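Working notes, beginning with the structure itself.
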Amino acid sequence: MTPDPIKPFSGGVNQSGVRAHNERLLMSLLQRGGAMPGSAIARATGLSPQTVSVILRGLEADGLLLRGTPVKGRVGKPSVPMGLNPDGLYSVGLKIGRRSADLLLIDFAGTQRAQLSLTYDYPMPDAVFGFLETGLAEIMGDLPDAARARVCGVGVAAPFELWHWHELVGAPAGDFLAWRDLDFRAEAAKRTDLPVYVVNDATAACRAEHVFGRGRAFRDYTYFFVGAFIGGGVVLDHAVFEGRQGNAGALGSLPSTGPSTRSGAAKLIDTASIHLLESRLIAAGHAPALLWSQPQDWTGIAEFVEPWLDTTAEALARASLAACSVIDFEAVVIDGAMPPDTRDRLVTRTRDCLGTL
């Protein structure tokens with residue numbers, strides 16, 4: 001399905017004291033729409049051409065924007081498109097997953113420049129933050145001095161109340177309580193002098209999808225991320241909505257069809273998570289680590305993946321209808337910790353299931 005045209009942002013303001021707001025507005029516009037001349041930026045934002053020109057010159061001087069090739073028009077001087085400088089800023093992201101941790105370096109355009117991964121039976125603080133420390137040293141050590149000075153921070157994406165997952169990941173309850181009183185930001189800050197930001201893992205995935213993925217095409221949508229345990233996010237009026245406790249879009253808690261669990265009636269997390277596929281592999285005598293190894297390749301386990309896709313698609317279709325009954329979302333976006341071709345088949349089957357419900 002071809003996405004709708006990218007929707008316009010809300011306008012900027014010309015009053016003094018809002019330069020930072022307008023700078024973010026312009027850079028967000030360029031990130032979503034690509035390079036464009038100042039005149040087009042002024043029309044899109046409602047800012048005066050003079051204000052736009054001043055901001056663009058400042059951002060260019062800071063190394064955040066690059067001038068493109070002048071485009072000759074019918075009348076007047078050629079217009080010069082301005083775009084984000086990929087080397088203008090870098091950021092580091094740490095994802096703490098139930099079966100693996102990933103450390104990424106991305107540039108200002110969202111291109112991945114480096115990736116390191118760690119797999120485990122279940123996460124423990126010493127292993128995860130030790131990986132952050134050694135991984136950061138490796139990634140930063142490979143960067144030129146000029147690029148290293150432009151790394152702006154470290155984002156940590158972690159599951160909400162991770163200590164509750166000990167039974168599902170097969171971890172001793174006593175050991176897993178080590179996460180309960182851990183200050184993620186403080187623990188990460190011990191390993192780096194860079195600013196550290198912590199966010200729910202599914203919300204972080206939703207933000208990434210909204211900035212760099214298909215989510216750019218939609219104003220309002222619900223987002224499903226199928227990982228070891230399914231989660232999600234909510235986007236309203238072009239912004240990721242986090243909620244009062246930062247846990248909006250906890251879609252794994254939605255009721256689902258299926259057998260009751262120890263905690264009561266079945267939920268989406270019980271019917272549409274990769275841990276179900278993992279359990280099937282273990283029962284058949286296969287090593288489940290291949291699900292999380294990078295690069296991902298599930299072609300050798302198709303006999304297990306196909307039935308899992310069928311049940312997961314039906315569960316996602318029902319959950320999509322439930323979510324859209326609360327808010328009339330423009331779209332449902334499905335992502336996941338799986339090979340791209342597997343994700344595409346899941347999207348197709350979910351769409352097919354929606355047509356039968």
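All heavy atoms count here, side chains included; hydrogens, waters and symmetry mates do not. Everything numeric here is computed off the predicted structure, so don't read it as measured data.
No path of Ile, Leu, Val, Met, Phe, Trp and Tyr side chains, each step under 4.5 Å between heavy atoms, connects L66 with I55, placing them in separate hydrophobic clusters. Hydrophobic clustering of Ile, Leu, Val, Met, Phe, Trp and Tyr side chains at less than 4.5 Å, counting indirect connections, unites I139 with L194. In this structure, L346 is a member of the same hydrophobic cluster as F304, with clusters built from ILVMFWY side-chain heavy atoms closer than 4.5 Å. Criterion: ILVMFWY side-chain heavy atoms under 4.5 Å apart, direct or through other members. Under it, L354 and V347 are not part of a common hydrophobic cluster. The same ILVMFWY cluster, assembled from side-chain heavy atoms under 4.5 Å apart, contains both L143 and L132.
Contact between V234 and C206 at its shortest, heavy atoms only, is N-SG, 4.2 Å. Shortest non-hydrogen contact noted between H275 and I269 is NE2-O, 3.7 Å. Of all the heavy atoms in L268 and S256, the pair that sits closest is N-CB, 3.6 Å. Closest of all the heavy-atom pairs between P288 and L281 is CA-CD1, 4.4 Å. For the residue pair A337 and G227, the shortest heavy atom distance occurs at CB-CA, 4.3 Å. The two residues V52 and G38 have their closest heavy-atom pair at CG1-O, 3.8 Å.
The closest side-chain heavy-atom distance from E209 to V240 is not below 4.5 Å. Between E306 and R345, some side-chain heavy-atom pair lies under the 4.5 Å cut-off. With a 4.5 Å cut-off on side-chain heavy atoms, K190 and F129 do not count as touching. I274 places a side-chain heavy atom less than 4.5 Å from the side chain of V226. Within the 4.5 Å cutoff, the side chain of V92 has heavy atoms near those of the L103 side chain. The side-chain heavy atoms of V305 and L277, taken from C-beta on, include a pair separated by under 4.5 Å. Using a 4.5 Å heavy-atom cutoff, the side chains of T350 and V332 are not in contact. Side-chain contact between D142 and L105: absent, with no pair of heavy atoms (C-beta onward) separated by less than 4.5 Å.
Side-chain atoms of E278 do not come within 3.5 Å of backbone N or O of A228 as any donor-acceptor pair. S53 places no side-chain N or O within 3.5 Å of a backbone atom of P49 that could act as its donor or acceptor partner. Proximity of a side-chain donor or acceptor of T192 to a complementary backbone N or O of A189 within less than 3.5 Å is not detected. Of the possible donor and acceptor atoms, none in the side chain of Y120 sits under 3.5 Å from a partner among the backbone N and O of R99. Panel note: side chain E60, backbone R67; no donor-acceptor pair is recorded below 3.5 Å. Checking side-chain atoms of E133 against main-chain N and O of R191 turns up no donor-acceptor pair under 3.5 Å. Using a distance-only test at 3.5 Å, with no hydrogens or angles considered, no donor-acceptor pair links the side chain of D107 to the main chain of Y90.
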Give the intermediate values and the outcome of side-chain contact (heavy atoms from CB on, under 4.5 Å) for residues V235 and F218. CA-CA 9 Å; V235 173; F218 306 111; over 6 Å; no
Stepwise, does the side-chain contact (heavy atoms from CB on, under 4.5 Å) test hold for M82 with M36? CA-CA 5 Å; M82 301 293 289; M36 61 182 69; over 6 Å; no
Residues K267, D270; criterion salt bridge (charged side-chain N to carboxylate O under 4.0 Å, His left out); working and verdict: CA-CA 5 Å; K267 300 177 181 178; D270 305 311; over 6 Å; no
For a side-chain contact (heavy atoms from CB on, under 4.5 Å) check, start with the C-alpha distance between W292 and S117, then their side-chain angles and the critical distance, and finish with the verdict. CA-CA 9 Å; W292 315 108; S117 298; over 6 Å; no
Using side-chain contact (heavy atoms from CB on, under 4.5 Å), reason through L64 and L84 one step at a time and then give a plain yes or no. CA-CA 6 Å; L64 298 176; L84 297 183; over 6 Å; no
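In this pair, F184 and W179 present their aromatic rings parallel. The plane angle is below 30°, not in the 30 to 60° band. Between H210 and H238, the ring planes lie tilted relative to each other; the angle falls in the 30° to 60° range. F176 and Y122 have perpendicular rings, their planes meeting at more than 60° on a 0 to 90° scale where under 30° would count as parallel.
For the residue pair S28/R32, the side-chain donor-acceptor check at 3.5 Å is not satisfied.
To the nearest 0.5 Å, atom CZ of residue R57 and atom CG of residue L65 are 12.5 Å apart. The distance from atom CZ of R98 to atom CZ of F229, rounded to the nearest 0.5 Å, is 6.0 Å.
A salt bridge is defined here as a Lys NZ or Arg NE, NH1 or NH2 lying under 4.0 Å from an Asp or Glu carboxylate O, and D352 with R349 fails to meet this definition. Between R343 and D335, at least one side-chain N (NZ, or NE/NH1/NH2) sits under 4.0 Å from a carboxylate O, which counts as a salt bridge.
Of the options V199, V198, V128, a side-chain contact (heavy atoms from CB on, under 4.5 Å) to V156 is made by V198 and by none of the others.
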